[in-house]
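Notes follow once the structure below has been shown.
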Amino acid sequence: MPRAAAVHSARCARAAQEGAQWLSRFRERGHLWAQLDPLGRCRGPLAKNDQWWQDECIEHPLAGLRMGRGPLFVAPEELPSATGWWSRENLLQVMEEAHCGTLSVEASHLSCPERRRWWHSAVELKSQSELSGARCRALLLRLLRATLLTQFLRSKFPATKWFGLDGCEALIPGLYRLCHRSAQHGVERIELGMPHRGRLNVLANLLGKELSLICCEMNENRSDFHVGDVKYHTGYFGALPVLPSAWQQKFSAAECEVTPPVLSVIPNPSHLELVTPVVLGKVRALQDEGSHQVLGLILHGDAAFAGSGLAFEAMQLARLPAYHCQGAVHVVLNNQVGYTTKPYEGRSAAHPSDVAKAFEVPVVHVNADDLRAVDRAFRLAADWRQEWREDVVVDLVGYRRFGHNETDRPAASAPLSYAKVASHPEAAEIFAQRLVVEGKLQEQQVQEMRAEILDELNREFLEKERHKTDGLDWVLGKYRGRIDEGRRPKQVRGITGVPLETLTHIGEAMVRAPDETLTEVGQLLARREAQLVPGGRVDFATAEQLAFGSLLLHRDVWAQSGGTGSWAVAQHERLPHKNVRLCGQDSVRGTFNQRHLVIHDVNGMEVQLLQDLAPGHQAKFYAFNSTLSEAAALGFEYGYSLGDDDALVCWEAQFGDFANMAQAVIDEFIVSGEEKWGQPTRLTLLLPHGYDGQGPNHSSARLERFLQLTNDDPNHLPGNSPEDLREIDKAFDILDTGEGILKEEQVKSYLQPASDFELEWELWLKTAQSALGRPARGLAAGVTRQEWRQVMQQLYRRNAEKDANIFVLNVTTPAQYFHVLRRQAHRPFKKPLVLMTPKYLLHHSKATSAFEDFSEQNFFMRVIVDYSPLLTELASRSDNTRHLSTSKTGAPLTLPLESVRRVILCSGQIYYKLSHKRRSGKIKDVVLVRLEQISPFPYDRIIKALSYYPNADVVWCQEEPKNMGAWFYVQPRLATAGRRDVAYVGRPAAAAPATGSQQIHAEETRLILDAAFAM
Ligand SMILES: Cc1ncc(C[n+]2csc(CCOP(=O)(O)OP(=O)(O)O)c2C)c(N)n1
């Protein structure tokens, strides 16, 4: 090659190499030089001030790149130009504009070239399309509304804390653009989660919550809200407002091109980031139910997003099978301070959004003072989500004009910044001036806009008395029904047993396996099959699958004409099928090798059980292994239970202890969500619990913590308080016609208003029979005042369950587990269920139930008594975990009731150890009473059970240390029930839940068992 040509070719190669360098330098580091801070304190993020940062990052991205003359060649698909080459000046201009202006995208960390290219072309190629005058005016209008609202509220409620948006008002037009653009893409519903800041502004300007109502709440005009929450935590539901028609004509007809999506803000506690997984869970549930056009939108503070592990955990969920929800939009409301903490004190990374980069989520940084850039940033986010159905982050960089809240003084800790803030004009002022200079608006029009908005705000303010808030305005109408429901007892029995034919049908589907199933699993399925026949004994894992299957199966394919029993048609209709979702670490196979919900064959073929019970006639079943998270994973399931509020949603901890990683979700949402926000849930927590000598960390699900969170008063026996008694007597007085006796018709007239009268009456009769010990015939003569009291007191005790915040149970038999799962899904009121679940009992041959125990005549028993007079009628029951009779001779295993020396009350797996000792020691003067439902405390059943044994003393026996387990919960309630003399048997108080030594564990167990039976 001639020398000149060779030189030319080398130059070209160098220019191409340099061109590529220029592109990647701007794309990778442009954001560090972008004009993001509205206060102009720095370029790039307001972050580090150490040497490394100075040397490496604050440098202009051009540092090291050669300026001067000569072309740069850039591959055509990278950045096309007509000539195939760029002059340095032109390329500099294009790339600076694209990456170092008031908007800058980080996408270099995406592994997928196509996705990177999408962003590059979005910001480099497409010239920033000029916004029409109409759009600019609409933008300004939204910005002004946000700005004036904060100013207005500040002036009207100077001493109230509500976390105004000042300094980041661009959030409102930005979010509006996102919602509107998403609607253009087909989104119909947006689930929004956000922290305190800007909440009222979002509610008013995006969800259309009336300002008069907001002002009314600012005055704390609450009425029937039991506890409630502060105004910046509550939720709301509304449609994205279109501009009032007068504004539309003036500004932008384009605003009303699409059907506005509905938005729902999910209530949240102060705990920052806790609501993030909840939003995702709710969105997924709605999508699973077929609402594909649902978008999750989550707002974060900059300090919280960078610092909270929850944000990381929640973002981890985005692409996982159990959790993905077609891309969520995250917005960091980056006011560049967290209370008083500066960015360099609060995070190690450059931007608060950097956590997203771990998950290949693109980030759009934008300066909140440049409204056009804000509009573009949110539009890009909506377009990305539409194109790829993946997460995206918008980092809206603003500042905080005032303190952390309205009563805070910020200058003390940040004097320089606040001096700058003081002289910095509002975004609305900057934008309005720009439009005036550009001739898109006249100064006078801006004044008119302000005046009109203020006028509207003042009008609304005067209207505030119109609202008498009940704190539940945000809730969908259906919840009102729940709140208004009477306090009448509901029939909850009889909903759990299932015809055996139906169970057999489910069982057949449960044991279907691929051809070459692994031997071990094949054997397990064969064992399962053998359980599901008359006389078979069913284990826990099989019982669980029967419960799931029976919930899934449509009623029209249940056993016809009642199967083994008599199902009234009306009852069929009451029990619709339910979706079931189970998620937890290794839950699909089961931590204890018990479940095997997916059967693998030797070639890797998979069959998921319970998916083909009856094609087209079953609800949806989802079983997933979760990511190794507790807080986000549980938050997600809670959210899911809100989105599909009829489903049985179960979250399983690998071992119960690990639930404490999610304690805030439990405290803030699960146990208190109904009381704070009228947001009930049926979420079920499965927490493996039991002392098997596995050490301090695999023994206890911290039962005591859940019991401490229950809201029942240990000193109040429902039905026994003066108010309850007054109510009961008053009803008698109203119904009594002077005879001092209430006849059947009178009782019926009392129950008549209830919609499900038949059930009410049936329940009343049953309760009366059990409370008065009279057969049904004997009731025809009527009941006296005293008897009426007895019956009603018992009903009140049962009914108290409706006021409980959670249910805490520890069941001992597979049948009980089956019945309680079914009860949980079908009971008329929604309550969270915390279930201590077994570990070694899963494979313990004694811990099985007869197949017949699942049939219709059976139901969940809150208390199981070994031996009582009632058992004569139940003696046919096949529950062989009880001490009914010796299997060989049929002779009673217990002395006559008066001769019983001791009642041992217990709960959970220790029952089996006690039972073994009793059997092997042939101890006949001690009976065992199992508390299967610990909370709400089953006063009625316990009082009844203890009354059978007039001469017995009572001990409470538990495996846990004295300061743990159920003792502290049970003791005062037993006292309220009249038993102050109950002795404690269990481990002594301790700091750790259990020992790590098998030997010590065995010795402790021996001592407990000895003490429990000791004379
Ligand atoms: C889990 C949790 N920890 C601490 C707090 C206390 N707290 C309330 S606001 C706040 C600062 C939050 O800063 P940022 O996330 O940037 O949001 P900003 O208030 O600035 O909008 C802190 C530490 C909290 N609410 N939640």
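These numbers come from the heavy atoms of this one structure, side chains and all, not from hydrogens, waters or symmetry mates. In this text, all values refer to a predicted model and were calculated from it rather than measured experimentally. Order of appearance sets the numbers: ligands from 1, and atoms from 1 within every ligand.
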Original post:
Between H404 and H196, does the ring centre distance come in under 6.0 Å?
Top reply: yes
**OP:** Determine if the distance from atom 11 (C) of ligand 1 to the closest protein heavy atom is below 4.0 Å.
**Re:** yes
Subject >> pair Y399-N335: side-chain heavy atoms closer than 4.5 Å >> reply: no
Subject >> Nearest neighbour in protein (non-hydrogen) for atom 9 (S) of ligand 1 >> reply: H404 CE1, 3.2 Å
**OP:** Indicate yes or no: at least one non-hydrogen side-chain atom of E106 is less than 4.5 angstrom from one of P362.
**Re:** no
Original post:
atom 18 (P) of ligand 1: which protein heavy atom is closest, and how many Å away?
Top reply: R197 NE, 3.5 Å
Subject >> Atom indices of ligand 1, in the order listed, that fall short of 4.0 Å to a heavy atom of A303 >> reply: 13 (O), 14 (P), 15 (O), 16 (O)
Subject >> Heavy-atom nearest neighbour in the protein, as seen from atom 17 (O) of ligand 1, with distance rounded to 0.1 Å >> reply: G301 CA, 3.7 Å
Original post:
Nearest protein heavy-atom contact for atom 16 (O) of ligand 1: which residue, which atom, what distance?
Top reply: D302 OD1, 2.6 Å
Subject >> Pairwise side-chain contact, F669 with H271, heavy-atom cut-off 4.5 Å (strictly under) >> reply: no
Original post:
Checking R142 against Y176: charged group under 6.0 Å from the ring centre and within 45 degrees of the axis?
Top reply: yes
Subject >> Identity and separation of the nearest protein heavy atom to atom 25 (N) of ligand 1 >> reply: S270 O, 3.0 Å
Subject >> Of L206, L175, L207, the residue whose pairing with L240 passes side-chain contact (heavy atoms from CB on, under 4.5 Å) >> reply: L206
Original post:
Which protein heavy atom lies closest to atom 13 (O) of ligand 1, and at what distance to 0.1 Å?
Top reply: G338 CA, 3.3 Å
Original post:
Given the protein's heavy atoms, is any one of them under 4.0 Å from atom 23 (C) of ligand 1?
Top reply: no
Original post:
Going by heavy atoms, is H196 under 4.0 Å from ligand 1?
Top reply: yes
Original post:
Quick one: nearest non-hydrogen protein atom to atom 4 (C) of ligand 1, plus distance?
Top reply: L272 CD1, 4.8 Å
Original post:
For atom 15 (O) of ligand 1, what's the nearest protein heavy atom and its distance?
Top reply: A304 N, 2.9 Å
Original post:
Hey, would you say the H351 and H365 ring centroids sit under 6.0 Å apart?
Top reply: yes
Subject >> Under 3.5 Å: N/O of R400 near N/O of ligand 1 >> reply: no
**OP:** For N335, take its heavy atoms, then give the atoms of ligand 1 lying under 4.0 Å from any of them.
**Re:** 18 (P), 20 (O), 21 (O)
Original post:
Counting only heavy atoms, which portion of L274 has something under 4.0 Å from ligand 1: side chain, backbone, both, or neither?
Top reply: neither
Subject >> Check: Q35 main-chain N/O paired with N367 side-chain donor or acceptor under 3.5 Å >> reply: yes
**OP:** Please tell me if the side chains of R705 and L707 come closer than 4.5 Å, counting only heavy atoms from C-beta onward.
**Re:** no
Original post:
Charged N to carboxylate O under 4.0 angstrom, K161 versus E406?
Top reply: no
